[in-house]
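So you know, we letter chains A, B, ... as the sequences are listed, proteins then strands, and number each from 1. Model, not experiment: these values are computed from the prediction.
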Amino acid sequence: MKGIHRKQSTGKRQESILGWIFCSPYLAFSLIFFLLPLMWAFWLSAMDWNLMGNDKTFVGLGNFAALFRDDKVQAAFINSYRYLLPIVILCFAFGLLIALLVSQLPEKVKGITAVLFFIPYLTSGVATSVVVKYLLAYNSVLSTFLREKHGIDVNWLMDKRSAFAIMVILVVWKMSGYYALFILSAIEGISEDVNEACALDGSVGLHKLFHVTLPMITPTLTTVIVLATGLAFGIYTEPYLLTGGGPNMATTTWQLEIYNASFTRFQSGYAAAMAILNAIQIFVTLRIINVVMDRFNRRFGW
Amino acid sequence: MKRKKTVRTAVAAVLTVILLMISLFPFYYMVVQSVLPWDRIDKELIPTGFTLRSYEYLMGTGGAGKSYIWLRALWNSLAVSLPTAVISVVCGLLIGYAVTKLSRFNGKKFIMDSLLFQMFFPTIILLVPKFMISKGMSNSYPGMILPLSVSTWAIFMYINYFRTLPDAVFEAAKIDGAGPLVIIRKIAFPTTKSITTIVFLSIFMGRWSELMWDMLISPKVEMQTLNVLISTQFKPMGNYPGPMYAASVILTLPIIVLFLCFSKYFKEGISFMLK
């Protein structure tokens with residue numbers, strides 16, 4: 001009894017000390033690998049510096065002004081929306097398709113099927129790039145087949161349109177099964193009552209999909225769109241290995257251009273400014289999406 | 001009614017199988033090409049021959065100039081991914097508990113604000129400065145592990161999870177005189193099975209597939225992860241295709257096996273990610 005009493009009187013301080021101890025690994029990490037680099041990044045963005053040398057010149061907003069004249073930056077800026085649109089739409093469409101199919105299957109095989117669709121998500125972009133590059137090479141079984149049987153002779157990764165389409169397909173292929181899990185989980189969350197009511201009212205098929213199922217899962221739709229947006233802004237491995245951002249910057253991304261500016265051209269200050277512009281673009285885009293989706297959700301009573 | 005349902009299930013099953021075949025085709029292709037004789041690679045969809053030459057090649061110098069370099073790369077991948085996943089889980093668990101269950105902890109708001117602030121910035125902003133800070137640790141495991149070791153996503157997963165647990169259990173344990181570490185180990189941790197599985201595997205997988213950071217911080221071939229070694233060897237006029245396929249199989253297989261083993265915890269975990 002005495003022990004408990006003592007514990008309660010000194011409990012507040014004790015708990016606070018304990019809390020800070022528990023959070024200390026995170027706080028130490030954040031200080032060294034987040035806060036410090038973050039301030040450094042903003043400072044760098046006002047500098048002209050080549051990463052290795054000692055000469056740093058203060059250029060103020062000069063780097064930012066130069067960004068707007070850089071065709072690589074323009075390409076990265078525009079490409080992020082060119083990626084965003086088809087990736088969000090296709091990921092959601094395929095995710096929904098997979099989720100609807102899996103939800104129709106017998107309970108016993110549902111889990112394993114969902115996991116099988118999830119496998120592409122687990123694959124490193126490096127392994128996929130190996131397969132795609134060799135599969136699309138001039139002498140591969142696919143190219144030979146298309147050339148000899150159908151007269152289609154495309155240098156897939158050297159053509160602007162097909163190279164871009166391949167990047168989109170790779171991302172959609174990779175992510176659809178992952179988003180399907182979210183959508184499936186939401187569909188399964190729709191209560192039996194609703195399904196029974198639909199059956200009684202004769203609402204089936206596409207009518208049920210558009211008037212019952214989709215409105216019931218709009219919050220998940222928001223989640224998927226926000227996640228896919230983040231994804232579209234983070235594309236790096238596939239264009240780095242397959243196209244180098246080409247042909248003629250058709251497949252380039254922010255990540256690729258920032259990497260190149262920092263570590264192949266050694267324009268570190270300039271690259272920092274580029275990354276900040278990228279962050280602003282992501283922030284504004286996500287804000288717009290949130291506002292739009294909020295309106296949309298409210299229409300369906302969420 | 002019953003009949004209609006059977007038909008619907010059958011149609012769904014057929015469509016599912018077709019979609020699965022498309023979605024898993026790259027893996028089939030990768031495995032087939034990795035065991036084909038070298039003169040037939042990329043020329044056949046259905047294998048007419050079988051050889052382990054591509055894998056044997058990787059056991060030697062594997063075209064990368066040093067012996068056992070591919071095995072070393074596989075080890076490096078493991079040596080980097082495993083600690084990263086463990087650190088993320090431990091950090092997430094501790095903070096999740098501190099923020100939700102230590103009701104009198106005076107730093108709760110500060111920690112939450114700091115997490116939200118951090119999530120607001122895309123990590124690409126930090127690339128150059130982070131590299132400058134970590135340069136002294138280049139070509140070492142700490143240099144690869146530490147700068148990427150804490151995940152705000154993992155922390156939020158635990159915070160959201162612990163919020164759903166009733167406080168009463170923890171209060172009871174406290175009154176019984178259990179110390180905080182005992183409470184975490186004996187009471188909190190065992191209930192987190194599905195969350196811990198999903199966090200551990202996701203972080204492990206993400207780290208296993210990391211390219212940019214590992215490429216920058218570990219240029220030395222002995223310290224490269226499998227992911228980086230493949231991407232540096234796989235260039236026009238680089239290595240032979242056979243061994244590249246074999247290495248890709250080795251890169252992909254462990255992750256898939258790991259996920260299949262733990263897939264039963266998965267659905268539970270996913271429903272938490274939605275919150």
Side-chain angles (χ1 to χ4, degrees), chain A residues 4 11-12 15-16 18-20 22-23 25-26 29-30 33-34 36-38 40-41 44 98 101 104-105 111 113 115-117 119-120 122-128 130-131 134-135 137 139-141 173 181-182 185 220 223 236-237 241 255 258-259 262-263 268 271-272 275-276 278-279 282, chain B residues 8-9 12-13 15-16 19-20 23-24 26 29-30 42-45 91 94-95 97-98 102 104-107 111 114 118 121-122 124-130 133 147 149-150 175 180 205 209 211-212 216 227 230-231 234 241 244-245 248 251-252 255-256 259-260 263 266-267 270-271 274:
Chain A
I4 294 167
K12 190 172 160 58
E15 275 201 357
S16 289
L18 197 64
W20 288 111
F22 281 178
C23 295
Y26 158 75
F29 170 88
S30 301
F33 294 115
F34 176 74
L36 200 63
L38 186 68
W40 197 335
L44 259 184
I98 293 170
L101 285 176
Q104 298 293 318
L105 295 177
T113 317
V115 170
L116 286 177
F117 275 116
I119 285 181
L122 307 174
T123 317
S124 161
V126 174
T128 349
V130 167
V131 171
Y134 290 137
L135 189 63
N139 279 324
S140 76
V141 53
W173 168 78
L181 279 186
F182 289 82
S185 163
T220 310
T223 312
Y236 170 72
T237 305
L241 288 173
Q255 303 255 332
I258 293 167
Y259 177 88
S262 317
F263 298 103
S268 305
I276 290 169
N278 173 28
I282 296 177
Chain B
R8 225 175 41 206
T9 311
L15 285 175
T16 306
L19 258 184
L20 265 182
S23 138
L24 298 180
Y29 189 78
M30 189 160 81
D42 284 320
K43 300 200 167 44
E44 290 176 358
L45 277 183
C91 269
L94 289 177
I95 299 182
Y97 182 81
L102 294 178
R104 284 167 291 184
F105 168 38
N106 61 7
I111 298 287
S114 142
Q118 203 164 334
F121 293 95
I124 189 82
I125 289 193
L126 310 174
L127 184 68
V128 174
K130 220 161 152 175
I133 290 171
S149 60
V150 171
I175 288 167
M205 181 209 77
S209 312
L211 185 62
M212 200 193 277
L216 286 174
N227 206 38
I230 296 176
S231 60
F234 157 70
M244 290 296 103
Y245 280 119
S248 302
L251 179 72
T252 314
I255 303 284
I256 295 181
F259 265 78
L260 289 181
S263 62
F266 236 82
K267 263 187 110 181
I270 284 288
S271 55
L274 283 170

*Side-chain heavy-atom pair B:Leu127, A:Phe263 within 4.5 angstrom cut-off*: yes
*Mind checking whether B:Ile133 and A:Trp40 have side chains closer than 4.5 Å, heavy atoms only?*
yes
*Between A:Gln104 and B:Ala12, what is the shortest heavy-atom contact and its length?*
CB-CB, 3.6 Å
*Using non-hydrogen atoms only, which part of A:Phe29 is less than 4.5 Å away from chain B: side chain, backbone, both, or neither?*
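Contact with chain B involves the side chain of A:Phe29 alone.
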*Could you check which of B:Leu20, B:Leu15, B:Leu251, B:Leu19 has the highest count of heavy-atom pairs closer than 4.5 Å to chain A?*
B:Leu20
*Evaluate the ring-ring contact (aromatic ring centres under 6.0 Å, His included) criterion for residues B:Phe105 and A:Phe22: first the C-alpha distance (whole Å), next the side-chain angles of each, then the deciding distance (0.1 Å), finally the verdict.*
CA-CA 11 Å; B:Phe105 168 38; A:Phe22 281 178; 8.9 Å; no
*Between A:Phe34 and chain B, which part of the residue has a heavy atom less than 4.5 Å away: side chain, backbone, both or neither?*
both
*B:Pro241, B:Ser114, B:Ser149: which one forms the most heavy-atom pairs within less than 4.5 Å of chain A?*
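Sorted descending by pairs with chain A, the first entry is B:Pro241.
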*Check whether A:Ala272 gets within reach of chain B through its side chain, its backbone, both or neither, counting any heavy atom under 4.5 Å.*
neither
*Count the heavy-atom pairs under 4.5 Å between each of B:Val150, B:Val128, B:Ile230 and chain A, then report the option with the highest count.*
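So the answer, after comparing B:Val150, B:Val128, B:Ile230, is B:Val150.
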*Examine whether an atom of A:Leu116 lies under 4.5 Å from a heavy atom of chain B, and if so say whether it belongs to the side chain, the backbone or both; otherwise answer neither.*
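Both the backbone and the side chain of A:Leu116 come within 4.5 Å of chain B.
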*What is the distance from atom CG of B:Leu211 to atom OG of A:Ser124, rounded to the nearest 0.5 Å?*
7.5 Å
*asked:* For a side chain to side chain contact (heavy atoms under 4.5 Å, CB included) check, start with the C-alpha distance between A:Ile282 and B:Phe121, then their side-chain angles and the critical distance, and finish with the verdict.
replied: CA-CA 9 Å; A:Ile282 296 177; B:Phe121 293 95; over 6 Å; no
*Under 4.5 Å from any heavy atom of chain B - which part of A:Trp173*: side chain
*asked:* Tell me which of these, B:Leu24, B:Leu45, B:Asn227, B:Thr252, has more heavy-atom pairs under 4.5 Å with chain A than the rest.
replied: B:Asn227
*Point-to-point distance, once rounded to the nearest 0.5 Å, from CD1 of B:Ile125 to CD1 of A:Ile258*: 8.5 Å
_With rounding to the nearest 0.5 angstrom, report the OH to CD1 distance, A:Tyr259 to B:Ile124._
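Here the rounded value is 10.5 Å.
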_chain B interface, residue from A:Leu122, A:Ile119, A:Val131 that has the most non-hydrogen pairs under 4.5 Å_ =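 Ranked by contacts with chain B, first place is A:Leu122.
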_Are A:Tyr26 and B:Leu94 packed together at the side-chain level, in the sense that at least one heavy-atom pair is separated by less than 4.5 angstrom?_
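Counting from C-beta outward, A:Tyr26 and B:Leu94 never come under 4.5 Å.
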*Under the side chain to side chain contact (heavy atoms under 4.5 Å, CB included) rule, what do B:Thr16 and A:Phe117 come out as? Steps first, then yes or no, please.*
CA-CA 9 Å; B:Thr16 306; A:Phe117 275 116; 3.7 Å; yes
*Among B:Leu260, B:Ile95, B:Ile256, which has the most heavy-atom pairs under 4.5 Å with chain A?*
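Heavy-atom pairs under 4.5 Å are most numerous for B:Ile95.
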*asked:* Show the nearest heavy-atom pair for residues A:Pro37 and B:Lys130, with the distance to one decimal.
replied: CB-N, 4.1 Å
*Select one option (side chain, backbone, both, neither) describing which atoms of B:Met212 are under 4.5 Å from chain A's heavy atoms.*
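When you check distances to chain A, atoms from both the backbone and side chain of B:Met212 fall under 4.5 Å.
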*Side chain, backbone, both or neither: which part of B:Ser231 has a heavy atom under 4.5 Å from chain A?*
both
*Heavy-atom pairs under 4.5 Å with chain A, option from B:Thr9, B:Ile255, B:Asn106 with the top count*: B:Asn106
*Check B:Arg104 against A:Glu15 and note the closest heavy-atom contact, atom names and distance.*
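Taking every non-hydrogen atom into account, N-OE1, 2.9 Å.
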